[in-house]
2 protein chains.
Amino acid sequence: MSDDSDAEPQRSVPTRRRSPGGAPTIYDIAELTGVNPSTVSRALGKPGRVSAKTEAKIRAAAAQLNFRVNPMARALPTGRTHTLALIVADITNPLFFRLVRGAELAATGAGYALVIAESQESGDAEADVIEQIMPSVDGIVLATTRLSPERIAEIASRKPLVVVNREVVGVTAVVPGVERGTQALVSHLYEMGHRSIAYLSGPVTSWMSERRWTIILEAAEALGIAAVEIGPASPTLSGGREALRRVIASRATAVVAFNDLMAMGLMQAAAEAAVVVPDELSVAGFDDIFGSELISPALTTVRAPLVEMGQRAVVGVLAAVSSEDDAVSEDMPALTTELIVRGSTGHAPGGPFSS
Amino acid sequence: MSDDSDAEPQRSVPTRRRSPGGAPTIYDIAELTGVNPSTVSRALGKPGRVSAKTEAKIRAAAAQLNFRVNPMARALPTGRTHTLALIVADITNPLFFRLVRGAELAATGAGYALVIAESQESGDAEADVIEQIMPSVDGIVLATTRLSPERIAEIASRKPLVVVNREVVGVTAVVPGVERGTQALVSHLYEMGHRSIAYLSGPVTSWMSERRWTIILEAAEALGIAAVEIGPASPTLSGGREALRRVIASRATAVVAFNDLMAMGLMQAAAEAAVVVPDELSVAGFDDIFGSELISPALTTVRAPLVEMGQRAVVGVLAAVSSEDDAVSEDMPALTTELIVRGSTGHAPGGPFSS
DNA sequence: CTGAAAGCGCTTACAG
DNA sequence: CTGAAAGCGCTTACAG
């Protein structure tokens, strides 16, 4: 009686998909193994919640079907997307490469995907980008400079957030100790005979630029030498280039730029203006980005542990994500900075060692 | 009778959330405006499907509640995540900065998020990463070198995919025309008196490395000069450094590296070995990455339009995503490469112009 | 240990 | 133009 036109309506078995998207679901596995979908879910989730035998069957079926849990479907009931956002100001700034790599490593290692978004050095864009990405992620690493502390605190109240290279009250921060490297830099310049140092600052909104200047100022005061702040300027090659004139006018014999990019711009402009580095002007930067070693003379810089900073920022976010506890206590050893002396700094002109 | 212990059980009104996550939902808007949630969904989706009046009310309420559609929830019924993946081999290779920026621009401009994943120059990792990210994205841009054409074609059969800097039958590719810049480079070297050129190749699996070598070989043959391939080598600074010995041994007077990073490594090693560039050895690379201009002497290179390539790759994926049509026809003007002559190439030693 | 049910927040035929 | 319902693929109390 295999008659298709049987009067009796076929019992409507709720044949769950084999979805058009093609991807197998837990229903396929359930069908294949003869268990309930919820059992499949349990077996594939935390182990030990299902008999070893059933679990083995289910895992085998999952493997056979090449099953992957649908992250979207999982995110809905759990509220967990297993995705983190890293917001940077400018993707093309080499500073971010190592930071991104560190964050990537830590995120991937924990089974999280990392969405990288760029705020294009604009405060409004920054806020928009964050607002837009927020619902898709479990937490955020913020490595930008334009947002106000109030906005940041507000975002932190909504999602786990870690800021990099700045401090905001009540928000977890990953900031290397700048003192060590920076003081070493000023001492180094002092020993080379410099008695007047210019600091070329970055964006006004940059907490880190402010911080670096403060330390330079204090170190200069302690040594009894002159220090002057020039800027603010764009934290880019051109920001550095455009500042050369003011640096020269300051009569400082050494200039420390907010970052390596600016320092390099300064050196390029100096070369074009036939100002010899370091004989006539010593130049130093911060971060030790790719290229610092390549430029000629190679750039003296205060190196930051960027890869580790990226990793740590992600670890911090993840800790907040899982503990759901707002109180994120940090017990990790302090991150610090280190002076790398290269050819761009030398004896002060007119001093006892000058040629 | 406001007695809590009222015997009559309270009618369980299905009070829809005001979710713990805090984010407002379309149910909140529906409640606030007195319409059905489905109407809210329609009003906020494609316009014109709801009366202007209702839509206005709904939009006002949405704005008031600061509503953002939950991308996960939307992805489930639609299958669209509004997220794209960009897979790169090595995030710290400056080559990718401009590519990433272009991709970012195009994606963000289209309302898509971009997930960046790194495959760490390993074929297995590459496959894993892709497999893992697949369910979360609507399409993929692949800028890696390790995957076999078969694997790539297989992936392309499952999701919209665009490959960058390589060609795979049946898969949309964004590849700049290498001929122009490369031929110009060989001509330039020829005119400088070079009669023997070495090509330092990248990974064996690199389609683009092969392609560049082919063109150099053909150009050299056409000019009647010698060309030799050295390698394969790692597409990194150290890959370049380690190859110097073999380059010298080849007696070629000019070396063209697979990419700028390798060319720079070669120059660093040359400097350490007191081999003067370009007087004793001319060096050139590909891509014109950040740093090429900074190294001394500055690097002669064949520049690729990386930002535009990134944009175009995303546009290509998006086209496939929306047309759902496998036949992606490309009508865009060809992308091309351009020779940038800088200081690292000069007259061949021993030639009529040599010092 | 396992099944049945409800729900995550949205979309989309299906009626009207 | 709008409402009611079903469903996307998963998770997780609730029973047993």
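Per chain, numbering begins at 1; letters A, B, ... match sequence-line order.
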Worksheet item: Side-chain donor or acceptor of Y27(A) under 3.5 Å from a matching atom on the base of dC10(D)?
Response: yes
Worksheet item: Is any side-chain N of the basic residue among R158(B) and E131(B) closer than 4.0 Å to the acidic one's carboxylate O?
Response: yes
Does [X] make a side-chain N or O approach to OP1 or OP2 of [N] shorter than 4.0 Å?
X      : N       : answer
T78(B) : dT11(C) : no
N36(B) : dA4(D)  : yes
T54(A) : dC1(C)  : no

Practice prompt. Heavy atoms only: give me the nearest L318(A)-A110(A) pair and the separation to one decimal.
Written response: CD2-CB, 3.4 Å
Worksheet item: Taking any strand in view, what nucleotide pairs with dG16(D) in a Watson-Crick or G-U wobble way, both distances under 3.5 Å?
Response: dC1(C)
Discussion item. I'd like to know whether S38(A) forms a side-chain hydrogen bond (donor to acceptor under 3.5 Å, both in side chains) with S41(A), so could you lay out the CA-CA distance, the side-chain angles of the two residues, the decisive distance to 0.1 Å, and finally the verdict.
Written reply: CA-CA 5 Å; S38(A) 57; S41(A) 173; over 6 Å; no
Worksheet item: Looking for any heavy atom pair under 4.0 Å, which part of the strands does S38(A) touch: base, sugar-phosphate only, or nothing?
Response: base
Item to complete: Remember a base hit wins even if backbone is also touched, and classify S51(A) as base, sugar-phosphate or nothing at under 4.0 Å, heavy atoms.
Response: sugar-phosphate
Item to complete: Would you kindly compare T39(B) and M72(B) by the position of their nearest DNA chain C nucleotide and give the one closer to the 5′ end?
Response: M72(B)
Worksheet item: Donor-acceptor pair, T83(A) side chain versus T81(A) backbone, under 3.5 Å?
Response: yes
